[in-house]
Every structure is written in C-alpha cells, then in structure tokens.
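Residue numbers start from 1 in every chain, and the chains themselves are labelled A, B, ... in the order their sequence lines are given, proteins ahead of strands.
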2 protein chains.
Amino acid sequence: MLKAERHQYIMDKLLEEQKVVTSDLALALDLSEDTVRRDLNELDSKKLLKKVYGGAISIQEKTDNIFSININAEEQKKKIVTKALPLLHDGQVIIMSGGTTNLVFARLIPEDLKVTIYTYSLPIAMQLSQHPNIDLIFIGGKMQKNAMVTIGMDVVQVLSKIKADICFIGASSININQGLTEIGYEVSIVKKAMIEASDKVVSMFSSNKLNTRMPHVVCELSQLDTIVTELETDDPRLEEYKKLGVNVV
Amino acid sequence: MLKAERHQYIMDKLLEEQKVVTSDLALALDLSEDTVRRDLNELDSKKLLKKVYGGAISIQEKTDNIFSININAEEQKKKIVTKALPLLHDGQVIIMSGGTTNLVFARLIPEDLKVTIYTYSLPIAMQLSQHPNIDLIFIGGKMQKNAMVTIGMDVVQVLSKIKADICFIGASSININQGLTEIGYEVSIVKKAMIEASDKVVSMFSSNKLNTRMPHVVCELSQLDTIVTELETDDPRLEEYKKLGVNVV
DNA sequence: ATTAAAATTGCAATAGTTTGCGTTTTTTAT
DNA sequence: ATAAAAAACGCAAACTATTGCAATTTTAAT
C-alpha cells in the first residue's frame with residue numbers, strides 16, 4: 001500500500017468518523033504505530049487534520065446554518081451503489097446503517113419506490129426525508145456525535161423487535177478471516193443487531209476497505225449475503241469472498 | 001508499445017484501481033521502472049494523476065453535500081434565543097422540540113456547557129452533534145418528513161419515561177385563550193408529552209406568533225413557565241401573558 | 001532513401017524516502 | 001506521586017527517485 005493511499009484512507013476515515021485513533025489505524029492498515037503517527041503528523045503539517053494525543057481529529061470549518069457532509073470519491077461511490085439499486089423492491093422493509101456510501105445510496109433511491117426504511121443515522125434520515133414515497137422510521141437512542149448515529153441498548157432493543165427484508169450495512173473494514181469488523185464497540189453491537197433483524201444482508205464499500213481489520217467483529221463473511229464494490233465481479237481480489245459463498249456484485 | 005498507449009493503459013488502470021505502483025507497471029508493461037516513472041511524471045504535469053512515492057494515485061474529488069435549512073429572520077431569532085441562554089446550567093436535563101428558532105438556539109449554546117439534551121428533531125440533533133460537551137439523546141419513531149421530526153406513540157412513550165429539568169418548545173401559534181396550539185395533531189401530542197416530562201417549560205418565538213391559533217391545542221398558558229420573544233418585557237403585547245402568570249423574558 | 005536532430009530508453013551510481021525497532025521523553029489519568 | 005500509554009528520536013535496512021550518459025529509435029527535411 002502506498003503512503004499516499006494510506007493518507008487517503010485516513011482522510012476518508014476522518015470524514016466518516018471525525019476522528020481517528022493511532023492504534024486502530026495501525027491495526028487496520030497493518031502498520032506500526034510509528035508510521036501511522038508519522039502519517040498523521042505529515043497530514044497535520046499540511047493542515048488536513050489536527051494531530052492530538054492518541055490520534056487525530058478533523059478540522060472542519062464551523063458550518064453556520066448549513067449541514068454539510070463531505071463525501072470522498074463520490075463518483076466511485078455512485079458507481080458502487082448503483083449496482084445495488086436492483087436489490088430494492090416496492091413493499092420492502094429495509095434497515096440502513098450510516099456512512100457516506102449509504103448516504104449516496106439513499107440519494108439515488110428512485111423517487112417512485114415505496115418502501116419502509118429504518119435507520120439510526122442522522123444524515124441518512126435527513127436525506128431520506130426528501131424522498132416522497134418512503135416510510136421512514138428513526139431508531140432513537142444515545143447519539144454517537146462524531147458519526148451522527150445512535151448507539152446503545154435502546155437501538156439494539158428496537159432492532160431486536162423488527163424484522164426486515166434486507167439491510168444495507170456500511171463497512172469500515174472487511175477481511176477473509178474476521179469478516180466485517182468495526183472501529184467502535186458500540187457500533188459493532190448495533191450492526192450485529194441489524195444483521196440479526198434482516199433476512200438479507202448487503203454491504204457496500206470501496207475496495208480499499210478489503211483486507212483491512214478493526215478491533216471489533218460484527219459478523220463473519222458467511223452472514224453476508226451480498227457485497228457490492230466498485231470492482232468487476234471477476235476481479236481476483238474478490239475471489240476468496242466468492243469462494244466463501246458471498247454474493248459479489 | 002507506444003508511449004501514448006502506455007499512458008492510456010496507466011490511466012485505465014488508475015480509473016479502475018485508484019492507484020498504480022511503479023514496479024507493477026514496469027512488470028506489466030515490460031519496461032524499466034525509469035520509463036514508467038517518466039510516464040507518471042509526465043501525466044502528473046498534465047494533472048491527469050498525482051505522482052507519489054512508489055507510484056501514482058488518481059486525483060480524487062471531494063464533494064460537499066449540503067442539507068440546507070432556510071431560517072427566516074435569523075437575526076431576530078438570534079436576539080430571541082440569546083435571551084434564553086441564561087436559563088441553561090451545567091448538569092441540566094433538557095428536552096428540545098424542532099423548529100428553526102430552536103435550531104438557532106442550539107447553535108448558540110456555549111461550548112463549555114455540559115448538559116443532557118433529548119430531542120426528536122433531525123436538524124436540532126445534527127446541530128447539537130457539533131457540540132463537544134452535550135450528551136445527546138435522539139428520541140426515535142416514525143418520521144414526519146416535512147418537519148424532520150419523529151412523531152407517534154414511540155416518541156410519546158420515551159418522553160413519558162424521562163424527567164427533564166427544562167424543555168424548550170417551539171411554537172406555531174400562541175394566544176391567550178387556547179394557549180399553545182399546533183397545526184398538526186401528531187405534533188401536538190408529542191409536545192404535550194414533552195411538557196409533561198419537564199419541570200420547567202420555556203417557549204421561544206417571534207412576536208408574529210402572538211395571538212394566532214391552530215387547530216390542535218398543546219397546552220394552556222398556565223402550563224408555560226417562560227416565554228421568550230424579541231420584544232421588550234414591558235411591551236404592551238405581552239401584558240396579558242404576564243397577567244396570567246407567565247414569565248416574560 | 002539518407003541523414004541529422006530530437007526524443008526515448010535502460011543503466012549505474014548516487015541521493016533521498018520510508019519503515020520498524022529499541023530507547024528515551026512526554027503526556028495522561030489515577 | 002505513579003504507572004501506563006503515547007510520542008519523539010535516532011538508526012539501519014529496504015525501497016524508490018534522480019541524474020547523467022550512452023545506445024537506440026523516431027521524426028522530419030532534404
């Protein structure tokens with residue numbers, strides 16, 4: 001992995017989570033913490049983030065009366081989510097996690113689709129509020145302010161009581177051995193509940209998330225029905241996933 | 001292989017993979033790494049990619065996505081909510097309804113205030129997510145998409161189980177006889193529950209809401225502790241309200 | 001076709017970067 | 001105060017880039 005790639009990865013992560021932790025990045029990227037620190041310091045000196053003890057936080061101009069969400073590589077994300085649109089059908093009950101890929105997905109849901117969507121992400125809910133034909137239900141609870149999602153027992157409890165046809169789950173990291181892993185424990189718990197509540201589990205992410213890992217396991221690959229990336233379905237990097245029975249789109 | 005062909009190959013690869021590695025390209029194109037580097041440098045100077053140590057990365061765009069909310073008479077609202085700021089104290093448990101006045105209020109909450117806030121409004125929650133010291137709890141439920149608030153039994157139920165020190169309630173309409181009234185039935189129910197859950201009830205609104213009415217009653221004036229408007233406290237339009245025991249700020 | 005100039009290519013030596021490790025220093029939280 | 005975690009520092013090994021140069025190929029004009 002190129003250094004510049006790592007930098008992109010870090011900035012990407014920062015956009016999603018508002019902060020990054022040195023040790024988590026070292027784990028995710030399979031690097032020494034030294035190198036991560038050097039990366040963070042470099043990005044700091046370029047004023048792209050603010051290095052703090054233990055990691056880094058994003059520097060974002062105070063948004064005044066506007067809620068702005070930065071999306072990295074939006075074109076790529078559009079490509080990914082477009083491939084997932086055929087999975088949607090009238091009448092479905094859907095659960096959506098947070099993340100910018102899901103946000104792009106939310107925006108591209110056809111106007112005439114009539115579905116019920118549960119979400120626990122503020123930006124996703126804001127986006128879906130614009131949609132004329134969606135029954136939208138927000139799952140409340142304690143807010144994880146950086147990611148703008150609710151977490152905790154309340155969320156899990158609501159999820160345990162619903163039964164969805166399909167869920168679209170964002171991924172921070174995925175690899176063959178651990179499967180889907182998350183940076184935060186709380187979020188991993190919520191995602192587990194989400195998977196439990198859904199007949200079908202779909203995860204959309206860009207290929208740079210492949211073969212990275214985070215501390216908290218969400219689920220094994222066997223629990224994923226479909227993964228959607230920007231890659232061609234015959235790309236060698238997806239081979240192992242297909243072997244394990246995951247549907248690759 | 002012609003140079004132009006190679007360039008095309010590199011750009012194709014880049015489009016697909018977001019990055020190229022010098023050594024891989026040299027191998028794939030059966031060229032020396034020197035030549036590949038020269039190619040990459042050339043493409044870099046044409047701004048078609050970004051040359052980095054070890055290879056090159058695609059120039060990735062970062063789009064800004066805005067959920068914008070129009071706030072009418074923002075200056076006036078700032079004036080109103082500023083008068084309410086002294087009601088806030090560390091340690092309070094607070095409930096906030098939706099509305100743009102409350103949104104402006106949320107934005108002006110001092111950075112160092114440590115409180116717990118319950119809300120059922122997406123924009124309010126988004127705004128409060130930016131605040132470093134607030135414990136934020138979102139009350140989930142079915143979304144009323146236009147107003148971007150949750151409504152219904154779920155919301156009422158959560159509200160019935162909490163006890164807040166103070167609530168800040170937006171007002172569609174207020175008058176002496178009916179008190180606070182709302183345009184939507186669902187919202188009126190939620191606001192009732194909110195008032196029930198709070199020791200102290202504060203409503204902020206501009207004076208043009210005075211002496212108007214809507215179909216659904218929220219509460220009588222006697223249940224309001226404090227109203228905050230842009231008017232001077234001795235303004236004759238507020239006289240009647242003061243007489244009924246409402247604190248006027 | 002021939003030829004000279006210009007561009008391209010690979011090589012080798014040199015220079016510069018990156019990275020992980022051991023050690024020391026600083027920071028944080030108890 | 002003290003212990004634990006994180007950061008900084010210096011170093012060596014591995015990797016990547018730059019440079020000048022000679023050999024080769026391409027281009028363009030007679």
- Measure from the ring center of Phe138(B) to the ring center of Phe138(A) and say whether it is less than 6.0 Å. yes
- Item | Close residues, residues 29-53 of chain A, relative to DNA chain C [heavy-atom separation under 4.0 Å] | Leu31(A), Ser32(A), Asp34(A), Thr35(A), Arg38(A), Tyr53(A)
- Item | Spacing between Leu2(B) atom CG and dT26(D) atom P, to the nearest angstrom | 8 Å
- Message: Classify Ser23(A) by what it touches in the nucleic acid, base, sugar-phosphate, or nothing, heavy-atom distance under 4.0 Å.
- Response: nothing
- Sequence-distant partners of Glu182(A), salt bridge (charged side-chain N to carboxylate O under 4.0 Å, His left out), two or more places apart: Lys191(A)
- Query: Has Asn41(A) got more than 12 heavy atoms of other residues, nucleotides or ligands less than 6.0 Å from its CG?
  - Reply: yes
- Phe105(B) vs Phe168(B) aromatic rings, parallel, tilted or perpendicular, using cut-offs 30° and 60°? tilted
- Minimum side-chain heavy-atom gap Leu231(A)-Arg237(A) below 4.5 Å: yes
- Message: If I take atom CG in residue Leu27(A) and atom P in nucleotide dA5(D), what distance separates them, rounded to the nearest angstrom?
- Response: 16 Å
- Query: Are Lys3(A) and dT17(C) close enough that a side-chain N or O sits under 4.0 Å from OP1 or OP2?
  - Reply: no
- Item | Salt-bridge criterion met for Lys200(B) and Asp225(B) (N-O under 4.0 Å) | no
